Structures are given as C-alpha cells and as structure tokens.
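Working notes, beginning with the structure itself.
All chains are named by letter (A, B, ...) in the order of the sequence lines, taking the proteins before the strands, and each is independently numbered beginning at 1. Predicted model, so just to flag it, every value in this text is computed and none were measured.
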Amino acid sequence: MKLKEEVNTRIKEAFAKAGIEAESITVTDATKPEFGDFQFNGAMALAKQLKQNPRQIAQMILDNLELGGMIRKAEIAGPGFINLWLNPEWVATSCQQAEKEERLGIGRKENPIKAVVDYSGPNMAKQMHVGHLRSTIIGDTLANLLEFLGDEVIRQNHIGDWGTQFGMLIAYLEEMGDEGNGSLKDLEQFYKDAKSRFDADEAFANKAREYVVKIQSGDAHCLTLWKKFIDISLGHCEEVYEKLDVNLSREDVRAESFYNDALAKVIEDLDNAGMLKESDGAQCVFLEGDEVPVIVRKSDGGYLYATTDLAALYYRANVLGAKRISYVVDARQSGHFKQVFRVAKEAGFVPEDVKLEHVAFGTMMDKTGKPFKTRDGGTVKLIDLLDEAVVRAKAAITSKENYSEEELEKIARIVGIGAVKYADLAINRESNYIFDWDKMLSFEGNTSLYMQYAYARIQSIFRKYGKQVEGEIVIGDELEHKLAVMLLRFEDVLNKAAEDAAPNQITTYLYELVTLFMRFYERNPILKEGVDERTRTSRLMLADLTAKSIKQGLAILGIQVVDRL
RNA sequence: GCACUCGUAGCUCAGCUGGAUAGAGCACCCGCCUUCUAAGCGGGCGGUCUCAGGUUCGAAUCCUGACGGGUGUACCA
C-alpha cells in the first residue's frame with residue numbers, strides 16, 4: 001500500500017478543485033498522536049506566495065477535500081496545519097487484504113529497470129576483515145530490496161585479483177608446493193611470509209618481479225598458478241559469504257582482470273573524444289574545475305584503478321544494460337567516483353539517463369575514535385567476528401529452553417549473524433562509526449533479536465491456536481490503530497529506502513513496528529479467556545500481518561527468523 | 001593550503017525535501033511474571049541539538065563564518 005501517495009492524491013485533488021496551483025504536495029507523518037495520522041504543512045508556505053492568511057488557505061483545501069472512505073477527519077490546527085485522521089474501517093480493510101497476500105499488498109514497480117549493484121569487492125591478496133562487512137551487507141540489502149520491489153538486479157563482485165603483489169604471491173605459492181593450500185587459510189600470514197621472503201632473498205624477489213610480467217603477458221605456467229591462488233582465496237571469501245548468508249555466488253564475480261582486454265580501448269576512446277592529455281609522461285583526463293587529473297595510463301604504460309572502473313562502467317551500461325549502477329564502497333573513495341562518473345558521462349561511455357551512484361559508507365573507528373588500522377595488526381578478521389557472534393548467541397540461548405544440539409546450532413547461527421548484520425545496517429551509512437565488539441554482539445534493545453523475539457512470540461500464539469485464521473480485522477483501540485497504520489506504511493518505507501539506498505530506514509521502521517506490537521501484545525490479550533471471538537480473530541490477523549512484515553523486512557536485510565526462541 | 005564529511009543526553013545513535021513540547025537503545029533508579037515467551041512492558045533520571053551570525057511567521061534541519069573530529073588531495077586499489 002502506497003499509503004502516503006494515496007493521501008497525497010486526495011490533497012492534490014483538493015488543490016485542483018480549489019483552483020490553487022502547487023508544485024509538490026507531500027503530507028508527513030503526524031508528529032504527535034493527538035494530531036492524527038498525517039499532517040499537511042503546505043498551507044503556510046503557500047500563504048506567503050499567495051499573500052493570504054494560511055488558515056484561510058487551509059480552509060479552502062479542507063472545503064474541497066474528498067474524505068472518501070479513507071479519511072475520517074481533517075482539521076485545521078495552529079497557524080495552518082491540516083491534521084488528518086485515517087478511517088479505522090478503511091485501515092482495517094486494507095490490513096485485512098494485505099494479510100492475505102503473499103507480498104503483503106506491496107506492489108511491484110510499474111517500470112522496472114536493470115540495476116547493477118557493485119559490492120563486497122574483496123582483495124584476493126588479503127583476508128576479509130571487519131572493514132569489509134559494510135560493503136558486503138549494505139550492498140546485499142540494496143540488491144535484495146531492489147529485487148523485491150521489482151527491478152532486475154545484477155550483482156557484481158568486483159574482486160581485486162590483479163596487480164604487482166600477485167607476482168610475489170604466486171612465486172611463493174609455487175615454492176610452497178602442496179603445502180600452499182593449507183597456508184593460504186591465513187592469507188594475512190601468507191602475505192607476510194611471502195613478503196619477508198621477498199625482502200630477504202634477492203633471487204626470489206627477481207622471480208616475483210618476473211612472474212608479474214609473465215602473468216600479464218599470458219604465460220601459461222604463471223596463469224595456472226595465479227588461477228589457483230585466486231580460486232583458493234575466493235573460496236575463503238565464499239566461506240564468509242556462506243556464514244554471512246549473503247546472496248553472492250561465483251556467477252556474480254566480475255574481477256578486475258575481466259576488464260584487462262578492454263583497457264586499451266578505454267584509452268583509445270578517450271583519445272578519440274579529445275579528452276586525453278599527456279602530463280609528465282602519463283595519459284590524463286583533466287576535468288574542468290578539478291585540480292588533479294584522472295590518470296588513466298601511467299608513464300610506464302600501465303593502467304590504473306580509474307581505467308578499470310571506466311571499462312567496468314562501459315560494460316555495465318552497454319553490455320549489461322543497467323539504468324542504475326550503484327557502487328557500495330567506502331566514503332574515502334568519493335573523490336575517485338565523482339571523477340570517474342564524470343569522465344564516463346562526458347566521454348559517452350555511459351548514456352545520460354543512466355543513474356550512477358556511489359553508495360558511500362563511513363570509516364570504521366576503534367573505541368578511541370581513531371580509524372581502524374588495516375595493516376599493523378589490530379584488525380579483526382571477519383570470520384572470527386562471525387564465529388564469536390554464533391558462540392555468544394549460543395550461550396545466550398542455551399539458558400532459555402531445551403534444544404537439541406542441531407536446533408541450538410541453527411538458532412545460534414541465525415541470531416548471532418543477524419545481530420552482527422543488524423548492528424551495522426541500523427546506523428546511517430554515511431557517518432563514521434565506532435566498532436564495538438560488545439555492542440555488535442548485543443542482544444538487548446534495538447537489535448535483530450528484538451524483531452526475532454516478537455516473531456517467535458507470534459508464532460507461539462499460532463501454535464497454541466492451532467487453526468487457520470479467517471475473518472475480519474476490527475480496530476479496537478488507539479494502539480491497534482497505530483499498529484495497523486504502521487503496517488500499512490511498509491511499502492512507503494521500502495520505496496524510500498530503495499531511493500536513498502539507506503538500509504537504516506528499514507531497521508528504524510521495523511523497530512517502531514515491533515515496539516508498537518510489543519505494547520499491543522502486553523495490553524491486548526489474544527488467546528486468554530474472556531476475549532470474544534471477533535476480537536480474537538481481529539487481533540490474530542494483526543499479529544499475523546506483523547509477523548509477516550517482520551519476516552519480509554528482515555529478509556531484505558538478509559536476516560532470518562525462527563519460529564521458536 | 002584546498003576540497004569533502006561529520007559535530008544532537010554520560011556512552012552509541014535516530015531525526016536533517018524547515019513546522020506544533022528534539023526521539024531511541026545502553027547505563028542508572030522505581031514498578032510489573034498463578035492466564036498468549038520478563039531477550040519483554042510501564043514509569044523516572046538525563047539536552048542552551050559545538051559556537052556565532054543570517055534567511056523565515058517558524059531552524060537540530062537551509063546559508064555564512066569560527067572551532068573540533070575524520071577523510072581525500074598526480075601516476076596504489
């Protein structure tokens with residue numbers, strides 16, 4: 001249900017009938033319960049334009065407002081606010097319909113597009129650490145969300161599999177022989193070992209340098225080694241994806257090396273477009289207003305990050321046919337993307353109507369407010385964080401009920417991993433955030449467990465009830481009204497979250513929804529004695545729609561629910 | 001130096017297309033389990049929204065400046 005749009009339409013019609021021109025009309029959520037469900041504040045702004053009394057304008061709108069079955073009451077308040085109350089019968093019927101539908105009454109986009117979401121992008125020479133978490137789960141959420149709303153989503157995992165360090169790594173892998181597979185378990189260590197070997201042994205260093213050239217020139221032996229290395233390293237990433245419950249597979253991998261053959265063409269095209277200039281021996285694009293150029297080819301002939309990204313943009317826009325290309329990458333690279341996007345558009349690599357966006361997220365800080373160091377120790381390996389999350393969840397669950405070992409393991413995984421993902425997704429992606437192990441693994445307050453707990457409580461009710469619910473929803477009190485309206489707002493929230501690529505809008509919504517439900521649960525008994533049949537049915541249906549909404553919302557975030565907790 | 005970004009309760013954060021008394025969680029204090037799961041619910045404590053100007057009927061929200069944190073700034077990705 002596009003609730004706000006429905007209300008907006010009514011207001012727009014009122015404007016038209018009153019003969020008032022107004023550009024954008026949007027109602028907002030009421031700020032207080034006593035102000036109803038929605039409020040329209042536009043009369044005040046309009047009053048200034050028209051040089052009239054705002055209350056008079058508001059009155060004119062009211063006089064022309066068709067309440068229909070949807071709106072129960074509309075009132076002018078204060079300087080010219082219009083407060084709107086939704087009709088409980090209308091709310092009830094709408095919820096009733098949503099409860100029956102697979103998609104909970106949420107429509108699919110009328111004009112779906114192809115959307116590329118570029119996320120995760122681990123470097124094959126390094127182990128995934130907590131810093132990689134954000135891109136992976138924000139990207140996955142965005143992809144799930146767009147998919148749910150009807151777009152054709154193409155996930156792209158742009159892994160870093162190319163560069164000088166691979167010469168050293170494969171030379172070392174070769175030396176290790178069969179032991180190599182095992183040592184690669186700890187990539188960080190493997191890298192260190194290779195590096196110290198490189199620094200200590202001149203012959204090895206030379207071989208490493210030679211191998212870099214050989215991979216790039218397509219030497220069969222070196223390519224085999226390289227492929228083996230990438231394969232093993234990618235396997236480790238997949239272990240993490242598996243644990244994280246992220247929808248990324250090998251088919252989504254489109255590595256840096258994939259674009260190698262297209263790089264020369266990028267330079268050629270830029271040159272043909274007259275955008276290329278040589279500076280200090282390097283091929284550059286100078287953008288108007290930018291101090292630093294975009295270097296696309298080094299003075300030694302090598303290509304760069306920007307070159308690969310341009311090739312990738314071309315591929316995504318023209319071969320994949322994407323109309324929205326979202327890069328879920330650390331905010332520190334915003335300068336880079338701003339430039340690359342501009343070059344791509346100016347050079348015509350990407351058609352004008354394609355939306356390019358950098359879904360930037362903040363840097364992770366430690367508890368003292370300093371950036372998490374990537375190199376010299378101190379980093380938490382992602383896999384360790386996830387394992388610890390499951391261990392803690394298990395400890396927390398064990399005390400509650402008796403589970404079989406198998407059940408326990410399954411629930412602990414869902415709860416623990418969910419907590420880690422939720423903690424990250426719940427904060428505004430753009431600001432920096434502090435990595436706090438304990439906070440991330442907390443199970444109190446606004447956490448995924450709160451939602452999962454509510455879901456389990458509802459399932460418990462239905463287990464006891466033991467029948468299918470059939471009947472109608474009747475809004476019994478103010479609390480049920482609030483809950484029902486909140487349920488109807490789901491689609492609005494998802495659409496806005498998709499537009500802004502903001503997962504925290506979904507978590508905020510879920511938290512508000514569940515908070516309302518918990519109060520409803522405490523105050524309005526369902527199966528207890530003395531509850532009449534009609535009320536019981538209605539409350540069961542509200543609970544059911546709540547559960548389904550929680551499940552769907554969490555599913556988009558990549559978090560599962562359990563029936564029992 | 002220049003550019004970007006952030007500055008809201010003791011801590012961690014929402015709110016930012018301007019609206020009516022600024023919201024949560026954690027922490028702290030009080031209350032609620034013989035009836036649907038107390039990982040919950042109710043109540044309390046806690047704020048000159050960094051500061052100073054400006055625009056406006058109205059500013060945490062928009063603009064300017066200062067201060068403070070973070071980041072980026074020519075051949076790494």
Among [options], the one nearest [X] by side-chain distance:
X: A:Ala282; options: B:U37, B:A20, B:C75; result: B:C75
X: A:Glu34; options: B:U21, B:A39, B:G15; result: B:U21
X: A:Glu291; options: B:A20, B:C2, B:C13; result: B:C2
X: A:Gln333; options: B:A77, B:C75, B:A39; result: B:A77
X: A:Pro293; options: B:C13, B:A74, B:G70; result: B:A74
X: A:Gln39; options: B:C76, B:C41, B:A20; result: B:A20
X: A:Met44; options: B:G19, B:G40, B:C75; result: B:G19
X: A:Phe81; options: B:C36, B:A20, B:A24; result: B:A20

Which nucleotide, if any, forms a Watson-Crick or G-U wobble pair with [N], using both distances under 3.5 Å?
N: B:A9; result: none
N: B:U21; result: none
N: B:G72; result: B:C2
N: B:U34; result: none
N: B:C51; result: B:G65

Practice item. Mark this stacking check for A:Phe443 against B:A39 as yes or no, applying ring centres under 5.5 Å and ring planes under 30°. Key: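 So no, this residue does not stack on that base, at least one cut-off failing.
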Check your understanding: Side chains of A:Arg536 and A:Tyr465: do they bring a donor and an acceptor to under 3.5 Å?
Key ->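 No pair is found: no donor N or O on one side chain lies under 3.5 Å from an acceptor on the other.
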Check your understanding: Do you see a donor-acceptor pair shorter than 3.5 Å between the side chains of A:Tyr422 and A:Asn446?
Key ->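 Yes - a donor-acceptor pair under 3.5 Å links their side chains.
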Practice item. In whole angstrom, give me the gap between the P atoms of B:G68 and B:U21. Key: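 Each nucleotide's P atom is 35 Å from the other's.
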Review point. Does a distance-only test, which skips hydrogens and angles, find a donor-acceptor pair under 3.5 Å between the side chain of A:Asp290 and the base of B:A3?
Key: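 No, no donor-acceptor pair under 3.5 Å.
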Review point. Between the side-chain atoms of A:Ser279 and the base atoms of B:A74, is any donor-acceptor pair under 3.5 Å?
Key: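 Such a pair is found, so the answer is yes.
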Practice item. Figure out the CD1/C1' separation between A:Ile434 and B:C26, and round it to whole Å. Key: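 Roughly 14 Å, once rounded to whole Å.
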Point to revise | Under 4.0 angstrom between A:Tyr259 side-chain N/O and B:A77 OP1 or OP2 | key: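 Negative; the distance criterion is not met.
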